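Sequence lines set the chain letters: A, B, ... in the order given, protein chains first and strands last, and positions in each chain run from 1. Computed from a predicted structure; not experimentally measured.
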Number of protein chains: 2
Amino acid sequence: MKQIQNVKNYLTEAGIKPSYQRIKIFEYLIENMNHPTVDMIYKDLVPYIPTLSKTTVYNTLKFFVDKGITQIINIEDNETRYDADTSTHGHFKCIKCGNIYDFSFDNKNLNIKQIENFEIKQIHLYIKGICENCKNKK
Amino acid sequence: MKQIQNVKNYLTEAGIKPSYQRIKIFEYLIENMNHPTVDMIYKDLVPYIPTLSKTTVYNTLKFFVDKGITQIINIEDNETRYDADTSTHGHFKCIKCGNIYDFSFDNKNLNIKQIENFEIKQIHLYIKGICENCKNKK
DNA sequence: TTTAAAATTGTAATAATTTCAAATATGAAA
DNA sequence: TTTCATATTTGAAATTATTACAATTTTAAA
Ligand SMILES: [Mn+2]
Ligand SMILES: [Mn+2]
Ligand SMILES: [Zn+2]
Ligand SMILES: [Zn+2]
């Protein structure tokens with residue numbers, strides 16, 4: 001994903017007033033590209049922002065998604081994850097260690113048949129299996 | 001997906017004792033390929049099986065998934081859906097009408113670099129957009 | 001400084017799912 | 001066929017994720 005040099009400017013350009021909480025949450029997303037859940041974000045940030053409310057994390061992420069600077073990753077039911085990289089890319093979840101890996105793919109040669117005349121807005125490709133690390137551990 | 005002539009046999013072959021509830025729930029899945037939620041299944045079946053418990057629907061679906069005759073569809077956070085077609089195929093959700101369409105795709109030539117040595121168990125491709133029907137309604 | 005709007009917060013409400021123990025059904029052995 | 005162990009189903013309670021909402025705080029313009 002493209003580098004973001006100044007979070008404050010980046011938020012402003014996206015039409016988001018850069019409040020302290022919003023900056024911290026977005027910084028968290030780009031520093032922790034491991035696709036965190038709301039709970040992970042809240043637990044990690046609240047030591048630094050003692051007044052932080054979990055509702056603010058929910059509100060802020062929803063706002064980010066609406067404004068197009070964050071995408072939701074639904075690779076597993078029970079856990080909604082967030083990704084500041086909104087480009088079309090795939091996610092691999094290792095069923096052993098739980099890590100989620102990004103990967104790129106060509107959506108040109110998917111050769112999709114039945115939905116040719118449909119208007120595509122978002123493509124999500126999720127793959128589950130065993131990562132190289134875990135495979136070698138045996 | 002391949003035709004299932006006899007649900008009782010199909011369950012048995014999958015290592016599932018074909019109880020009344022299990023047969024009805026699986027029949028529902030193959031008759032309603034619209035990827036229903038637990039709630040849809042429960043609400044539609046309880047008039048015919050008045051003693052049915054929602055816990056049974058949860059238990060049974062989890063069992064089906066473990067035994068490999070049902071897959072979970074996570075195209076939207078907030079709603080876990082189920083699909084008796086366990087073959088690798090894609091799902092398109094229309095953001096206007098909410099319908100979910102099946103489609104096929106080639107997973108051979110995805111050209112994935114980053115996860116070449118990973119062991120792939122499942123591939124889920126989710127696309128969101130506007131279906132042909134809704135596009136023409138304008 | 002005053003003031004209105006925007007953002008944040010905390011609590012309560014809602015919804016989805018899981019846990020668990022009791023009740024029921026099933027099927028083999030006696 | 002009765003008995004008994006096991007598997008399945010059930011319903012209630014507990015847990016977890018998320019949303020609604022009103023009160024408080026912050027922001028920035030007048
Ligand atoms: Mn990603
Ligand atoms: Mn399907
Ligand atoms: Zn792993
Ligand atoms: Zn539609």
Nearest-0.5 Å distance, CG of residue A:Leu61 to CZ of residue A:Phe26
10.5 Å
State whether the number of non-hydrogen atoms from other residues, nucleotides or ligands found under 6.0 Å of A:Lys135 atom NZ is greater than 12.
yes
Atom pairs, protein N/O to nucleotides 6-9 of chain D N/O, distance under 3.5 Å:
from: D:dT8; atom 1: OP1; to: B:Arg22; atom 2: NH1; distance (Å): 2.9
from: D:dT9; atom 1: OP1; to: B:Ser19; atom 2: OG; distance (Å): 2.3
from: D:dT9; atom 1: OP1; to: B:Gln21; atom 2: OE1; distance (Å): 3.3
from: D:dT9; atom 1: O3'; to: B:Gln21; atom 2: NE2; distance (Å): 2.9

From CD1 of B:Ile23 over to C1' of C:dA25, roughly how many Å is that when rounded to an integer?
14 Å
Using the ring centroid of each side chain, check whether A:Tyr82 and A:Phe64 are separated by less than 6.0 Å.
no
Spacing of A:Glu79 atom CD relative to D:dT16 atom P, expressed in whole Å:
14 Å
For B:Asn78 and C:dT14, give me the distance from atom CG to atom C1', rounded to whole Å.
13 Å
Between atom CD in A:Glu76 and atom C1' in C:dA16, what is the gap in whole Å?
16 Å
Are A:Lys54 and D:dT19 close enough that a side-chain N or O sits under 4.0 Å from OP1 or OP2?
no
For the pair A:Lys128 (side chain) and A:Ile75 (backbone), establish whether a donor and an acceptor sit closer than 3.5 Å, ignoring hydrogens and angles.
yes
Send over the distance from A:Tyr42 OH to D:dT16 C1', rounded to a whole Å.
15 Å
Counting distance only, does the side-chain N/O of A:Thr56 pair as donor-acceptor with the main-chain N or O of A:Leu52 below 3.5 Å?
no
Indicate the ring-plane relationship of A:Tyr101 and B:Phe118, choosing parallel, tilted or perpendicular according to the 30° and 60° boundaries.
perpendicular
Please give, in whole Å, the distance from D:dT15 P to A:Asp39 CG?
16 Å
Find the distance B:Lys62:NZ to C:dT19:C1' and express it as a whole number of Å.
10 Å
In this structure, how many angstroms lie between the C1' atom of D:dA17 and the CG atom of B:Asp77, rounded?
11 Å
D:dA20 OP1/OP2 closer than 4.0 Å to side-chain N/O of A:Thr55
no
